[in-house]
Chemist: 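I am attaching a structure below and will ask some questions about it afterwards.
Bear in mind that the values here come from a model prediction, so they are computed numbers and not experimental data. Numbering of ligands and ligand atoms starts at 1, following listing order.
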Amino acid sequence: MTSDKRKVLKFPKGFLFGTAMAAHQVEGDNVHSDWWAWEQESGKREKSGRACLHYEMFEGDFELMKSFLNNNAHRLSIEWARIEPEEGKIDQKEIAHYRRVLSKLRTLGLASMVTLHHYTSPLWFTKKGGFERKENLKFFEKYVALCVQEFGDMVDFWVTINEPNIYIGAGYFVGAWPPQKKSIFLAFKVYLNLVEAHKRAYRIIHQKISDAKVGMATNFGDIPAKKGIFLNHIASVIVNFAVNDFFYFFSAGYHDFLGVNYYQHYRIAWNKIQVTLNYAKGKVLGRKVEPVNKSDIGWNIYPRGVYFVAKRMWKWFKVPIYITENGIADFRDSKRETFIKEHLKWVHRAIGEGVDIRGYFHWSFVDNYEWALGWGPKFGLFEMDKKSFKRIPRKSAYYFAEVARSGEVEV
Ligand code: BGC
């Protein structure tokens with residue numbers, strides 16, 4: 001009987017299925033970056049260290065993405081701190097490295113989505129004031145131009161900046177991440193400068209490659225604020241709202257696609273009181289919320305949210321959307337399969353209603369260094385043996401592989 005009720009949701013031909021990763025979290029030994037310096041500052045911080053050794057193991061990883069996961073795309077980031085470890089000094093070995101990385105993706109037929117800035121900056125840039133100072137944008141522009149020149153022939157999609165909202169919120173508002181500043185004034189300045197940085201990067205890439213596909217990946221979710229400090233939570237939510245949708249308004253016309261990183265829905269926490277801002281328990285704007293379900297790190301699972309975000313962004317901007325990140329910290333791997341299935345169900349629903357969503361990148365391929373949370377959260381479809389760095393597929397990896405192979409989700 002139940003099988004009669006099952007529905008198979010077919011994704012459009014050419015839909016991209018991939019995983020997303022960021023250099024600092026997986027490559028290892030990113031010693032010239034501001035994050036590396038931050039990790040060493042206090043004995044209490046977990047360190048990225050050799051990370052997942054992806055710098056050395058990228059070929060095997062990409063092969064697994066292709067042959068095990070049946071993926072047809074991958075989102076990665078290029079590490080500015082490797083390419084330009086000191087101001088003006090370009091490391092040709094690293095350029096050659098990333099050319100090998102991108103050409104491996106090409107050989108395997110995996111479309112590449114390349115992020116140019118995923119939270120980390122070279123330490124020298126951060127010491128100069130980073131994105132706080134408009135005059136520093138020229139350094140970012142030079143780096144972008146270099147990447148276009150060196151890698152342009154091998155990149156399918158460009159993501160200029162990953163999650164400016166989290167970068168600003170955690171680094172300039174909550175003050176927990178590098179450069180650990182707490183200032184509304186600075187946060188606002190960085191906000192405007194990142195809008196400008198994105199626009200300039202967009203122009204630079206298009207000058208060289210007129211039909212390039214350039215976008216940005218923004219986090220449509222809660223910003224993890226410091227525990228127990230109510231004002232931080234309020235502030236983080238406000239920043240989130242302000243820089244999510246409005247970031248796009250300020251840079252409208254500079255997006256060939258919109259990158260949506262979706263993990264959870266908004267909420268604020270104060271002691272034991274949890275207030276869901278977007279979709280409070282029961283009803284908000286007439287919508288019922290599913291029973292609260294959480295990941296290992298307490299993020300509220302709310303698959304339907306990806307549908308609301310996609311619908312809203314499509315209505316306003318009418319450019320193709322890619323789900324550039326979606327994933328769950330789930331060390332038992334007991335929720336990941338359903339998590340993927342449910343989110344894809346809502347993605348499919350949005351597509352059925354005319355929203356042009358063209359791909360889904362799962363965060364992440366393998367358990368990795370989760371920023372201030374260190375090695376605790378397990379976001380990987382593969383777990384990693386910490387000693388041998390061996391990748392071990394979780395059950396959900398088999399599920400995702402089947403979805404990518406068939407281009408279908410059964411619900
Ligand atoms: C970030 C990733 C991070 C993930 C899970 C996203 O917001 O882009 O770098 O690992 O969240 O914490």
Chemist: Compile the protein residues with any heavy atom at a distance under 4.0 Å from an atom of ligand 1; present them by chain, then by number.
Modeler: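 The 4.0 Å shell around ligand 1 contains Gln25, His118, Tyr119, Asn162, Glu163, Asn219, Tyr263, Trp299, Glu325, Trp363, Glu370, Trp371, Phe379.
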Chemist: Do NZ/NE/NH1/NH2 and the carboxylate oxygens of Glu196 and Lys134 come within less than 4.0 Å?
Modeler: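 Salt bridge: no.
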Chemist: Between Glu27 and Arg82, is there a side-chain N and carboxylate O pair less than 4.0 Å apart?
Modeler: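 A salt bridge is present here (some side-chain N lies under 4.0 Å from a carboxylate O).
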Chemist: Please list, chain by chain and in numerical order, all residues satisfying side-chain hydrogen bond (donor to acceptor under 3.5 Å, both in side chains) with Glu135, sequence neighbours excluded.
Modeler: Arg133
Chemist: Please name all residues satisfying side-chain hydrogen bond (donor to acceptor under 3.5 Å, both in side chains) with Lys181, sequence neighbours left out, ordered by chain then number.
Modeler: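 Residues passing side-chain hydrogen bond (donor to acceptor under 3.5 Å, both in side chains) with Lys181: Glu132.
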Chemist: Can you run down the salt bridge (Lys or Arg N to Asp or Glu O under 4.0 Å) pairs that involve residues 361-388, sequence neighbours left out, and say none if there aren't any?
Modeler: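 Qualifying pairs: Asp367-Arg394.
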Chemist: So does Lys66 pair up with Glu63, basic N to acidic O under 4.0 Å?
Modeler: no
